[in-house]
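Counting convention: from 1, in listed order, for ligands and their atoms alike.
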Amino acid sequence: MIKTQTLIIGANSVIARSIAAKIQTDAEMGLIVISRDLSAYSAMPDTSIKQITVPNYQSDSIEQAVIALTQCNHIPISQVFICNGVLHNAQLQPEKRLEDFSEQAFQQVMQINALIPMLWIQKLTPVLTGKTPCTLTVFSARVASISDNHLGGWYSYRASKAALNMMLKTAAIELSRRAKNIKLIAFHPGTTDTPLSKPFQKNVPADKLFTSDFVAEQLLNIVENIALDGEASYLDWQGKSIDW
Ligand SMILES: NC(=O)c1ccc[n+]([C@@H]2O[C@H](COP(=O)([O-])OP(=O)(O)OC[C@H]3O[C@@H](n4cnc5c(N)ncnc54)[C@H](OP(=O)(O)O)[C@@H]3O)[C@@H](O)[C@H]2O)c1
């Protein structure tokens, strides 16, 4: 019997799909997925997955999705994963040097990597606040660490994930007062074999390029065992803390 539910946002991410597949093996855990493209889930035989398709991640669409979520059922949500993130796409590439920096690209990367997760946190907090312990994990990256930036480059990606981390730190202070059941986590999956890392894999040693299934397993173990301590944690795939 289903006791609690997992919510995955940006659920078409390769890592998100691996998390979803693992959740489906747990008979006591329900699953809600939200994405612009849920075709990967429509093909699955399990009809108990609640699917919410969003046209985009504008504020109104997020609000509508949260309403749809609350109308599904009243089973509490115990874990949330916000997977959205962009490093490159048809319009942008990570910058190697100052000359590569583009105002439009920066705005797009900030919107996807920092603003969209923040809107979800804002609009989900009333739904998650309550007696059920709930972890809310947002995909960050080690390159967001200001103290660990020795290589440079990737201005927009680094800045957007660092902004995301600051949002989590700040929200954790507020939630420690008004929603003590919610634990915020900024997660670095390690270099994982997905479309996001594909163009940058050639110098990664084979044992440092992870499968999404491995990362999903690690992450689910981390969130299962983490304490509700009222602080934001910045963790890697081993569950080790990263300096902010
Ligand atoms: N792969 C790595 O090596 C690596 C390393 C460090 C951090 N990360 C982080 O891990 C997370 C998951 O990435 P992944 O590797 O699984 O990549 P992926 O398979 O390429 O997934 C991309 C994700 O970003 C969302 N997205 C893409 N374009 C978007 C847009 N224009 N507007 C809003 N959302 C958009 C997608 O949402 P939809 O479901 O709506 O399509 C999906 O959730 C990202 O936040 C990434 O920064 C990955």
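Only the backbone of S140 comes within contact range of ligand 1, with a heavy atom under 4.0 Å; no side-chain atom does. Counting heavy atoms closer than 4.0 Å to ligand 1, residue W237 contributes nothing at all. Within the 4.0 Å heavy-atom criterion, neither part of S212 lies near ligand 1. Contacts between V86 and ligand 1, counted as non-hydrogen atom pairs separated by less than 4.0 Å, are absent for every part of the residue. At a heavy-atom cutoff of 4.0 Å, ligand 1 is contacted by no atom of N113, backbone or side chain. Counting heavy atoms under 4.0 Å from ligand 1, residue K161 touches it through the side chain alone.
Some N or O of S13 is nearer than 3.5 Å to an N or O of ligand 1, by distance alone. Taking distance alone, with nitrogen or oxygen atoms compared against 3.5 Å, N84 approaches ligand 1 more closely than that limit. In terms of polar-atom proximity, I112 is not counted as a contact of ligand 1, lacking any N or O under 3.5 Å from an N or O of the ligand.
With ligand atoms numbered from 1 in the order given, ligand 1 contributes 1 (N), 2 (C), 4 (C), 15 (O), 17 (O), 20 (O), 46 (C), 47 (O), 48 (C) to contacts under 4.0 Å with heavy atoms of L196. Atom numbering of ligand 1 starts at 1 in the shown order; those under 4.0 Å from a heavy atom of I15 are 15 (O), 16 (O). Close approach to P195 involves these atoms of ligand 1, each under 4.0 Å from a residue heavy atom: 19 (O). Listed by number with element, the atoms of ligand 1 under 4.0 angstrom from any heavy atom of I116 are 33 (C).
Summary of contacts: the protein heavy atom closest to atom 33 (C) of ligand 1 is Y57 CD1, 3.3 Å.
When each of K161, E95, Q93 is paired with S156, the side chain to side chain donor-acceptor pair (under 3.5 Å) condition holds for E95 and for no other.
Using modelled atom types and a 3.5 Å distance limit, the side chains of D213 and S18 yield a donor-acceptor pair. For the 3.5 Å distance criterion, the side chains of D37 and S39 qualify, holding a donor opposite an acceptor.
For K96, there are no salt bridge (charged side-chain N to carboxylate O under 4.0 Å, His left out) partners two or more places apart in sequence or in a different chain.
Counting heavy atoms from C-beta outward, L87 and W154 have side chains that approach closer than 4.5 Å. Using a 4.5 Å cut-off on side-chain heavy atoms (C-beta onward), M29 and Q79 make contact.
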ask   = When you look at F101 and F106, which way does the ring pair (Phe, Tyr, Trp, His ring centres under 6.0 Å) test go after all the steps?
value = CA-CA 8 Å; F101 186 81; F106 176 72; 5.4 Å; yes
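With respect to the salt-bridge test (charged N to carboxylate O, under 4.0 angstrom), the residues R142 and D148 do not qualify.
Considering each of T194, I34, I82, V54, the one bringing a non-hydrogen atom nearest atom 1 (N) of ligand 1 is T194.
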